[in-house]
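The structure appears below as structure tokens.
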Amino acid sequence: MSQVQPGDAPEVLDLIGIGFGPSNVAMALAVSEHNAGAREPVTAHFFEQQPRFGWHRGMLIDDATMQVSFLKDLVTLRNPASEYSFLCYLKSRGRLVDFYLKSRGRLVDFINHKNLFPLRVEFHDYFEWAAAKVAGMASYAHEVVGVTPVECDGVVEYLDVTVRSEEGLVAHRARNVVIGTGLRPLVPEGVERGDRVWHNSELLARVDALEGTSPSRFVVVGAGQSAAENVAYLHRRFPGAEVCAVFSRYGYSPADDSSFANRIFDPGAVDEYFAAPGSVKRKLMDYHGNTNYSVVDIDLIDDLYRQTYREKVLGTERLRFLNVSRLAAVEETPDSVRATVKSLVTGEETVLDADVVVFATGYSPVDPLGLLGEAADRCLRDEDGRVRVERDYRIATDPGLDCGIYLQGGTEHTHGITSALLSNTAIRVGEILDSLLDRGVKAASDEARLVAEGTGGTAG
Ligand code: FDA
């Protein structure tokens with residue numbers, strides 16, 4: 001804990017964002033739109049550890065599509081007239097010659113394509129375009145390594161965010177932080193990732209190295225969307241290789257994207273989920289987990305089934321499904337990897353010597369308190385030990401901490417299934433900004449600054 005002395009007056013930002021993925025890019029866009037018409041702009045800066053903007057680059061498979069409508073972009077649900085929408089992005093995407101011809105870029109082509117779900121690579125390009133619009137608010141290749149509470153008269157008024165970059169370690173002071181650090185790849189306990197043992201998030205970064213090596217077998221563990229995409233991709237890319245899918249289900253289950261079920265992603269559903277008792281929250285997740293978790297787009301399931309049937313007919317089977325099974329062991333050697341697959345029905349073990357084992361075994365939210373250091377001790381937890389979060393995404397803290405610590409992600413237990421998804425991002429950042437403004441972020445920080453300078457204010 002550091003103490004502010006009279007005369008200490010480093011610049012105090014209203015908001016520091018940790019991470020600059022889609023959630024915090026949306027936050028920066030909301031701040032930028034607010035500032036355009038504000039008498040007193042909100043001062044904000046975002047730190048991102050990657051050297052440039054990147055959204056799940058390892059999974060930008062060329063034919064993969066979004067699982068969310070383009071209308072749930074970074075701004076539209078909050079401000080349908082925003083200049084940062086996916087539609088504005090499409091309009092901007094033309095060749096120079098189109099510009100002189102007053103072209104609409106790709107807008108008309110996208111409409112004719114009659115599909116709400118853009119390619120994943122296309123949405124990545126949209127995110128990158130949007131991030132560039134607010135590049136002045138972001139520093140890339142800057143990893144946040146810690147947060148230190150700063151006390152004024154016994155109350156934590158500021159947070160010092162320590163950032164590691166080429167320049168070394170530098171602390172930046174803010175009255176509020178918004179943590180948008182996303183998800184971490186998850187592999188089963190005991191599994192060591194290596195040259196031949198990958199998580200699916202590494203797929204595209206690693207797969208090129210196999211070109212020209214004639215791989216003969218891949219094993220893909222998991223039954224969700226990423227697993228099915230990996231199976232289809234490796235099968236298509238390496239026509240000489242067998243691809244073995246290993247999962248404990250009987251078969252891939254389709255994602256429920258029907259209209260009524262889809263309402264679980266609505267902004268209103270967040271209100272209801274937040275207000276619901278714990279038992280109802282659990283029920284809602286049980287009923288509607290299959291809109292997102294361990295499920296696959298029905299078109300991809302159909303494609304994979306058609307492919308395996310075709311191979312059966314032709315006697316050229318390269319797709320194998322080891323269902324109701326689990327990976328019992330994986331052992332990497334310099335030039336191969338041995339996977340032992342155990343049937344959950346018979347207990348029988350099948351040994352597969354492969355070039356690569358890919359774990360498509362999901363992601364877990366990063367513990368939001370991990371970075372907060374001593375400030376974490378002031379964050380309140382519920383009876384199950386989970387962090388308590390208010391409706392405005394602010395962590396509930398003891399009265400000795402007067403700063404706002406907001407979460408984008410890691411709030412599934414309080415705000416529901418959209419916590420780690422894009423569906424509600426535009427609305428969520430608007431709610432966080434409103435919360436900052438309602439709490440009088442400007443007035444409070446100015447007052448605190450005056451106190452720190454020993455030149456005025458009412459406190460102390
Ligand atoms: P995200 O993980 O994208 O970004 C977090 C950022 O914080 C990263 O750039 C990271 O480098 C940075 N960071 C972390 N720690 C840091 C630190 N200490 N200092 C500085 N920077 C730090 N959802 C959906 O609704 N529809 C969809 O179609 C998809 N599709 C999809 C595909 C794939 C392959 C995956 C893995 C996930 C999805 N998702 C999704 C869900 C996904 O969580 C969501 O799309 C966004 O990535 C959430 O954005 P965030 O900015 O919250 O996290």
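As the structure is a prediction and not an experimental result, all values here were calculated from the model. All ligand and atom numbering here is 1-based and tracks the order in the structure.
The protein atom (non-hydrogen) at minimum distance from atom 34 (C) of ligand 1 is Met59 CB, 3.6 Å. In this structure, atom 50 (P) of ligand 1 lies nearest to the protein heavy atom Ser23 OG, 3.3 Å. Looking from atom 23 (N) of ligand 1 to the surrounding protein, the closest heavy atom is Leu421 CD2, 3.6 Å. Looking at atom 1 (P) of ligand 1, its nearest protein heavy atom turns out to be Gly182 CA, 3.9 Å. The nearest protein atom to atom 48 (C) of ligand 1, hydrogens excluded, is given as Ala420 O, 4.0 Å; this is a heavy-atom distance. Closest to atom 10 (C) of ligand 1, if we only count protein heavy atoms, is Glu48 OE2, 3.5 Å. Gly21 CA, 3.5 Å is the protein heavy atom nearest to atom 4 (O) of ligand 1. Scanning all protein heavy atoms for the shortest distance to atom 17 (C) of ligand 1 gives Gln49 OE1, 3.6 Å.
Remark: aromatic rings of His45 and Phe47 are close, center separation under 6.0 Å. The ring of Phe359 has its center no closer than 6.0 angstrom to the ring center of His199. In this structure, His113 has its ring center closer than 6.0 angstrom to the ring center of Phe110. Here Tyr393 and Tyr406 keep their ring centres 6.0 angstrom or further from each other. For Tyr126 and Phe70, the ring centers are positioned 6.0 Å apart or more. The aromatic ring centres of His124 and Phe53 sit less than 6.0 Å apart.
Atoms of ligand 1 lying under 4.0 Å from any heavy atom of Met66, numbered from 1 in the order shown and given with element: 27 (C), 28 (O). Of all atoms in ligand 1, numbered sequentially from 1 with element shown, those under 4.0 Å from a heavy atom of Arg184 are 14 (C), 15 (N).
For a threshold of 3.5 Å applied to N or O pairs, the pair formed by Arg120 and ligand 1 contains no separation below that value. At a 3.5 angstrom cut-off on N or O pairs, Gln67 counts as close to ligand 1. Residue contacts with ligand 1: Pro22 is placed with a nitrogen or oxygen under 3.5 Å of a nitrogen or oxygen of the ligand (distance criterion only).
A salt bridge between Lys133 and Glu33 is absent, with no side-chain N of the basic residue lying under 4.0 Å from a carboxylate O of the acidic one. A salt bridge is absent between Asp392 and Arg439; no separation between the charged side-chain nitrogens and carboxylate oxygens falls under 4.0 Å. Between Arg206 and Asp195 there is a salt bridge, with a side-chain nitrogen of the basic residue lying less than 4.0 Å from a carboxylate oxygen of the acidic one. One finds no salt bridge joining Glu242 and Arg318 here, because no Lys/Arg side-chain nitrogen approaches an Asp/Glu carboxylate oxygen to under 4.0 Å. Salt bridge status for Arg93 with Asp125: present, with a side-chain N to carboxylate O gap under 4.0 Å. Salt bridge absent: Asp286 and Lys283 never bring a charged side-chain N and a carboxylate O closer than 4.0 Å.
Only the side chain of His56 comes within 4.0 Å of ligand 1, judged by heavy-atom distances. The part of Phe47 lying near ligand 1 is the backbone, judged by heavy-atom distances below 4.0 Å. Neither the backbone nor the side chain of His124 comes within 4.0 Å of ligand 1, counting heavy atoms alone. Only the backbone of His142 comes within 4.0 Å of ligand 1, counting heavy atoms alone; no side-chain atom from C-beta on gets that close. Both the backbone and the side chain of Leu183 come within contact range of ligand 1, each with a heavy atom under 4.0 Å.
Within the 4.0 Å heavy-atom cutoff, Gly180 counts among the residues contacting ligand 1. Ligand 1 has no atom lying under 4.0 Å from any heavy atom of Arg57.
Within the set Leu371, Val366, Thr181, the minimum heavy-atom distance to atom 15 (N) of ligand 1 is found for Thr181. Around atom 30 (N) of ligand 1, the closest heavy atom drawn from Tyr140, Trp55, Tyr363 belongs to Trp55. Nearest-heavy-atom check against atom 18 (N) of ligand 1 across Leu422, Val144, Ile417 picks out Val144.
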Legend entry - From CA spacing to verdict: side-chain contact (heavy atoms from CB on, under 4.5 Å), Lys281, Glu272: CA-CA 9 Å; Lys281 284 189 167 83; Glu272 285 171 288; over 6 Å; no
Legend entry - Check against salt bridge (charged side-chain N to carboxylate O under 4.0 Å, His left out), Asp14 and Arg175: CA-CA 5 Å; Asp14 297 323; Arg175 278 273 304 162; over 6 Å; no
